[in-house]
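These notes are about the structure you will find just below.
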Amino acid sequence: MIIGIECTAHTFGVGIVHKGKILANIRDMFMTESGGIVPIKAAEHHKLAAESVWNKALEQAGIEERDIEYIALANAPGLAPCLLAGLHFAREKAVKLGVKIVLVNHCIAHLEIGQSLGAKDPVLLYASGANTQILAYESGKYRVFGETLDIGIGNLLDKVARYAGLGFPGGPKLEKEAVRGRYIELPYSIKGMDAAFSGLATKAQQLLDAGKTLKDVAFSIQETAFAMLVEASERALAHTGKKELVLGGGVACNARLQEMCKIMCKERKARFYCPEKPLLVDNGAMIAYTGEVILRGAGKEILLNPENIDIKPRERTDEVDVSWR
Ligand code: AMP
Ligand code: MG
């Protein structure tokens with residue numbers, strides 16, 4: 001029985017997994033009416049939410065605290081104050097329960113959870129707030145085949161939404177606006193499998209200043225930015241010869257992005273996997289699931305005592321030694 005804690009950014013989540021089966025997945029997200037995420041405030045939110053999210057997860061799984069055998073903690077990458085809030089909570093619980101901890105890289109968890117749907121050796125398009133990467137396994141590591149050269153795709157959407165007076169998260173609000181929008185040409189910036197989004201953000205803000213409607217701007221951002229990601233993902237599929245694409249991260253909730261991926265995969269006869277929304281956004285179940293995968297593959301030597309864990313706010317996906325595979 002493994003319990004996973006997610007706390008890398010805006011969400012505090014707890015999930016419980018047993019032999020690959022998800023028994024619970026509870027989350028509480030830090031949101032704002034206007035303005036973005038202030039790391040310290042998000043961390044305060046996590047500290048306040050932690051105990052209740054933990055208890056709700058135990059209740060949903062129908063287990064007692066003493067049934068827990070291991071704790072999986074997302075210790076990287078993310079906002080340092082948020083990661084620390086999670087670390088302190090995990091440490092306190094581990095000491096209390098007398099259990100050890102397995103550390104999980106958050107980006108890798110988004111990839112591994114795709115394997116719960118049946119993907120064996122996929123390319124992952126990880127489209128999230130701060131992270132935007134195209135990942136796949138190759139020679140002992142999850143390699144970064146392509147990534148944003150500046151801001152994450154979700155940050156782009158949130159930034160433009162914030163400029164238009166909408167709160168966080170902005171992506172879902174822009175998606176609603178985009179439904180009735182028309183296309184305006186925007187900068188399309190892709191270099192190999194890397195993409196850049198900040199020029200797009202500036203241009204979108206200029207268009208709003210010039211009186212273009214939010215719905216047209218929202219539609220055009222989605223069409224342009226998502227096309228860039230799908231183009232890079234297709235290139236990664238072609239380059240690696242892999243036949244599966246997994247979508248992950250909060251922006252993957254977007255129906256238009258899902259549709260574009262689906263079309264591209266169909267055209268090149270690749271299989272497309274998109275987890276259900278509770279497993280797509282930041283969540284504790286994917287951390288517990290990945291913790292179990294790591295333990296199964298790497299053995300118990302990978303476990304750490306609570307006093308020996310630390311956060312790694314800037315750990316890159318390709319720094320992690322994938323010893324469990
Ligand atoms: P994550 O960082 O993976 O938790 O994802 C959070 C990001 O996902 C934020 O930038 C949100 O604005 C974005 N997001 C959530 N839902 C949607 C959606 N339906 N369309 C576009 N972006 C979304
Ligand atoms: Mg994420």
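In listed order, ligands and their atoms are each counted from 1.
Put simply, the side chain of Asp321 never gets that close to the backbone of Ser323: no donor and acceptor are under 3.5 Å apart.
Checking Thr11 against Asp282 by side-chain atom types alone, no donor-acceptor pair falls below 3.5 Å.
Within Asp282, OD1 is the N, O or S atom that lies nearest to the Mg ion (ligand 2).
Distances between N or O atoms of Gly129 and those of ligand 1 include at least one value under 3.5 Å. At least one N or O atom of Asp282, backbone or side chain, sits closer than 3.5 Å to an N or O atom of ligand 1.
Atom numbering of ligand 1 starts at 1 in the shown order; those under 4.0 Å from a heavy atom of Gly170 are 12 (O). Near Gly154, meaning under 4.0 Å from one of its heavy atoms, ligand 1 places the atoms 10 (O). Of all atoms in ligand 1, numbered sequentially from 1 with element shown, those under 4.0 Å from a heavy atom of Leu157 are 21 (C), 22 (N). Distances below 4.0 Å separate heavy atoms of Gly249 from the following atoms of ligand 1: 3 (O). Each of the following atoms of ligand 1 lies closer than 4.0 Å to a heavy atom of His10: 1 (P), 2 (O), 4 (O), 6 (C).
When the shell of 6.0 Å around CZ of Arg271 is examined, it contains 12 or fewer heavy atoms from other residues, nucleotides or ligands. Within a 6.0 Å sphere centred on NZ of Lys212, heavy atoms belonging to other residues, nucleotides or ligands number 12 at most.
Protein heavy atom in closest approach to atom 20 (N) of ligand 1: Asn254 ND2, 3.0 Å. Of the protein's heavy atoms, Glu175 OE1, 2.7 Å lies nearest to atom 19 (N) of ligand 1. Looking only at protein heavy atoms, the nearest one to atom 9 (C) of ligand 1 is Asp158 OD2, 3.4 Å.
Exactly one of Asp318, Asn131, Val320 qualifies for a side-chain contact (heavy atoms from CB on, under 4.5 Å) with Cys107. That residue is Asn131.
Taking 4.0 Å as the cut-off between side-chain N and carboxylate O, Glu92 and Lys96 do not count as a salt-bridged pair. Salt-bridge formation is detected for the pair Arg256/Glu259: a Lys NZ or Arg NE/NH1/NH2 atom is positioned less than 4.0 Å from an Asp or Glu carboxylate oxygen. For the pair Lys203 and Glu185, the salt-bridge criterion is not met [side-chain N within less than 4.0 Å of a carboxylate O]. Taking a cutoff of 4.0 Å between a charged side-chain nitrogen and a carboxylate oxygen, Asp121 and Lys242 qualify as a salt bridge.
Across all non-hydrogen atoms, the minimal contact from Ser233 to Leu125 is OG-CD2, 3.6 Å.
Residue His110 counts as close to the Mg ion (ligand 2), with an N, O or S atom under 2.8 Å.
The shortest separation from a heavy atom of Val251 to ligand 1 is under 4.0 Å, placing the residue in contact.
Distances from atom 1 (P) of ligand 1 to the heavy atoms of Pro172, Ser128, Pro169 put Ser128 nearest. Among Gly171, Gly250, Ala252, the residue whose heavy atom sits closest to atom 15 (C) of ligand 1 is Gly250.
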